[in-house]
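So the structure is just underneath, and the comments pick up after that.
Quick note: numbers below take in every heavy atom, side chains included, and nothing from hydrogens, waters or symmetry partners. Start at 1 and go down the list; that is how both ligands and their atoms are numbered.
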Amino acid sequence: ASYAASAVGYLTGRPGVCLVVSGPGLIHALGGMANANINCWPLIVIGGSSERNQETMGAFQEFPQAVRISIYGRPGACYVDVPAEFVTFQVNGNSINYKECCLPPPVSMAESSAVCLAVSVIRSAKQPLLVIGKGAAYAHAEGSIRKLVEQCKLPFLPTPMGKGVVPDNHLNCVGAARSRALQLADVIVLFGARLNWILHFGLPPRYQPDVKFIQIDICAEELGNNVKPAVTLLGDINAVTKQELASKTSLPMNYYTVFYHVQEQLPKDCFVVSEGANTMDIGRTVLQNYLPRHRLDAGTFGTMGVGLGFAIAAALVAKDRSPGQRVVCVEGDSAFGFSGMEMETICRYNLPIIVLVVNNNGIYQGVDADTWKKMVEFQDAATVAPPMCLLPNSHYEQVMTAFGGKGYFVQTPEELQKSLKQALEDTANPSLINILIEPQSTRKAQDFHWLTRSNM
Ligand code: ADP
Ligand code: MG
């Protein structure tokens, strides 16, 4: 009965109640109570035989408290001792007033600086892995965890009772390669799973010696058990996962996020013109071409300053040959600087070109506005700013609006999706979408050292 009552607690989030007689009843219920406690499942056991007003009865042993204790904080078993004469008491049924004895557990979120840190550790991981435990199942975090898995394309591994939080047949489930996934991961995020024997205590040889753990748990005492985590997130799994999702999108985008959202919307027959450093290199691998002679970029000279002229040519050719066909010109911010004044030409001829400026405040890498400000305060920018830096957060879209075209300044994937949709629907006007990305964003690490330079 106590095993059954504890499973009710796990499945419903409210404690099951197990009523036992004293002596053998309570003794045999102990197994179920221990099991509930170690599983972090709420359970109330009512038993006891002590006389009223004896030492063993404290004022706290009352029912509403028992429910609260079993489900608040880390869930677990709670024992209520009732005095012997309760068993034979007469109660008038009508006088019983059932009230909701306690509210659902309060939902706590993790510290926001820890969430930012966790997101940046996940972002810089080469082989990240999410481990989904029964805490995630109990927390009903399936919706948010699935979103995180899918939006960030993260592989996941369920523990035995974490199975099904995200379905086992999901493409990102690495359950079939469990040992290998644990062994090769460089960052592991624990969603309500303890580093106990089920997860080999988080230690080598089952894990990389320098693997970084990010631990999400509602129980502070659990954080840091067996290994020293890189980041600890104390809070409710569902709430913390939502925090991570929010912080992921409010942080500056990187090249891959930008091109992923651009690729989703580009018409298959469009011309793609591109120039820049990382913008062109990374863009080429993500943006697809389906037709011959529809991509124009730095070419044999590997030069810059050619893109906007190419885009104008492509738009004029398209206008003649197949009206409605679009030209999308993907420029780095420094590449745009070579011939940005062609916005005037584009507006003068009223060519509905869509110019995307992928703006990282520099050539290869820039700095953010705060760092720039500190550099300028420290000494004048001409001497301290690296020569590859451009002014941070420049409003290139205003170069387009200066001549009557449409300009968009975007910082989030949602803004990018929306502005690109509008630009594609607007077949009458040129547009420029200025997309701010992380200034330090780079290509993903290359496996071959000869690929680490640009234009390759
Ligand atoms: P598994 O056996 O699947 O590895 P464990 O029982 O070891 O899972 O770990 C479950 C963890 O989930 C416990 O440490 C518990 O404190 C935690 N937990 C339970 N409910 C929540 C919740 N709502 N939010 C965050 N952590 C929770
Ligand atoms: Mg740049």
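For ligand 1 and Arg74, the ligand atoms under 4.0 Å from any heavy atom of the residue are 13 (C), 14 (O), 15 (C), 16 (O). Counting atoms of ligand 1 from 1 in the listed order, those under 4.0 Å from a heavy atom of Cys219 are 16 (O). Listed by number with element, the atoms of ligand 1 under 4.0 Å from a non-hydrogen atom of Ile198 are 2 (O). Within ligand 1, the atoms closer than 4.0 Å to a non-hydrogen atom of Gly133 are 3 (O), numbered from 1 in the order shown. Close approach of ligand 1 to Gly235 (heavy-atom distance below 4.0 Å) involves ligand atoms 24 (N), 25 (C). For ligand 1 and Gly192, the ligand atoms under 4.0 Å from any heavy atom of the residue are 8 (O), 9 (O), 10 (C), 11 (C), 12 (O). Less than 4.0 angstrom separates some heavy atom of Tyr138 from each of these atoms of ligand 1: 20 (N).
Residue contact annotation: Met161 has no non-hydrogen atom under 4.0 Å from ligand 1. Not close to ligand 1: Ala136, with no non-hydrogen atom less than 4.0 angstrom away.
When non-hydrogen atoms are compared, ligand 1 lies under 4.0 Å from the side chain of Asn196 (C-beta onward) but not from its backbone.
A salt bridge between Lys126 and Asp186 is absent, with no side-chain N of the basic residue lying under 4.0 Å from a carboxylate O of the acidic one. The pair Glu397-Lys406 fails the salt-bridge criterion, with no side-chain N (NZ, NE, NH1 or NH2) lying under 4.0 Å from an Asp/Glu carboxylate O. A salt bridge is absent between Asp210 and Lys212: the closest approach of a Lys/Arg side-chain nitrogen to an acidic carboxylate oxygen does not fall below 4.0 angstrom. Taking 4.0 Å as the cut-off between side-chain N and carboxylate O, Lys421 and Glu425 count as a salt-bridged pair. The pair Arg74-Glu221 fails the salt-bridge criterion, with no side-chain N (NZ, NE, NH1 or NH2) lying under 4.0 Å from an Asp/Glu carboxylate O.
Across the listed options Leu195, Val131, Thr159, Ile218, Ile218 owns the non-hydrogen atom lying nearest to atom 21 (C) of ligand 1.
In Tyr260, the OH atom is not crowded: 12 or fewer heavy atoms of neighbouring residues, nucleotides or ligands sit closer than 6.0 Å. The 12-atom threshold is not exceeded at CD1 of Ile38, counting heavy atoms of other residues, nucleotides or ligands nearer than 6.0 Å.
Taking atom 5 (P) of ligand 1 as the reference point, the nearest protein heavy-atom neighbour is Arg194 NE, 3.4 Å. For atom 24 (N) of ligand 1, the closest heavy atom belonging to the protein is Ile237 N, 3.0 Å. Protein heavy atom at the shortest distance from atom 17 (C) of ligand 1 is Asp217 OD1, 3.3 Å. In this structure, the protein non-hydrogen atom closest to atom 22 (C) of ligand 1 is Asp236 OD1, 3.6 Å. Protein heavy atom at the shortest distance from atom 2 (O) of ligand 1 is Lys134 NZ, 2.7 Å. Nearest non-hydrogen protein atom to atom 19 (C) of ligand 1 is Gly135 CA, 3.9 Å.
Residue contacts with ligand 1: Glu222 is placed with no nitrogen or oxygen under 3.5 Å of a nitrogen or oxygen of the ligand (distance criterion only). The shortest N or O to N or O distance between Cys40 and ligand 1 is not below 3.5 Å.
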Pair up each side-chain donor or acceptor in residues 128-149 with any protein partner under 3.5 Å, not counting sequence neighbours, and list the distances.
{"unit_1": "Ser144", "atom_1": "OG", "unit_2": "Ala141", "atom_2": "O", "d": "3.2"}
{"unit_1": "Ser144", "atom_1": "OG", "unit_2": "Asn238", "atom_2": "OD1", "d": "2.6"}
{"unit_1": "Arg146", "atom_1": "NE", "unit_2": "Glu150", "atom_2": "OE2", "d": "3.0"}

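Within the 6.0 Å centre-distance limit, the rings of Tyr207 and Phe213 are counted as a close aromatic pair.
A pairwise comparison of heavy atoms in Phe156 and Pro167 identifies CZ-O, 3.6 Å as the closest pair.
Proximity of Val227 to Leu203: side-chain heavy atoms (C-beta onward) are separated by under 4.5 Å at one or more points.
The aromatic rings of Tyr10 and Trp41 sit parallel to each other, their planes meeting at less than 30°, with 60° as the upper class boundary.
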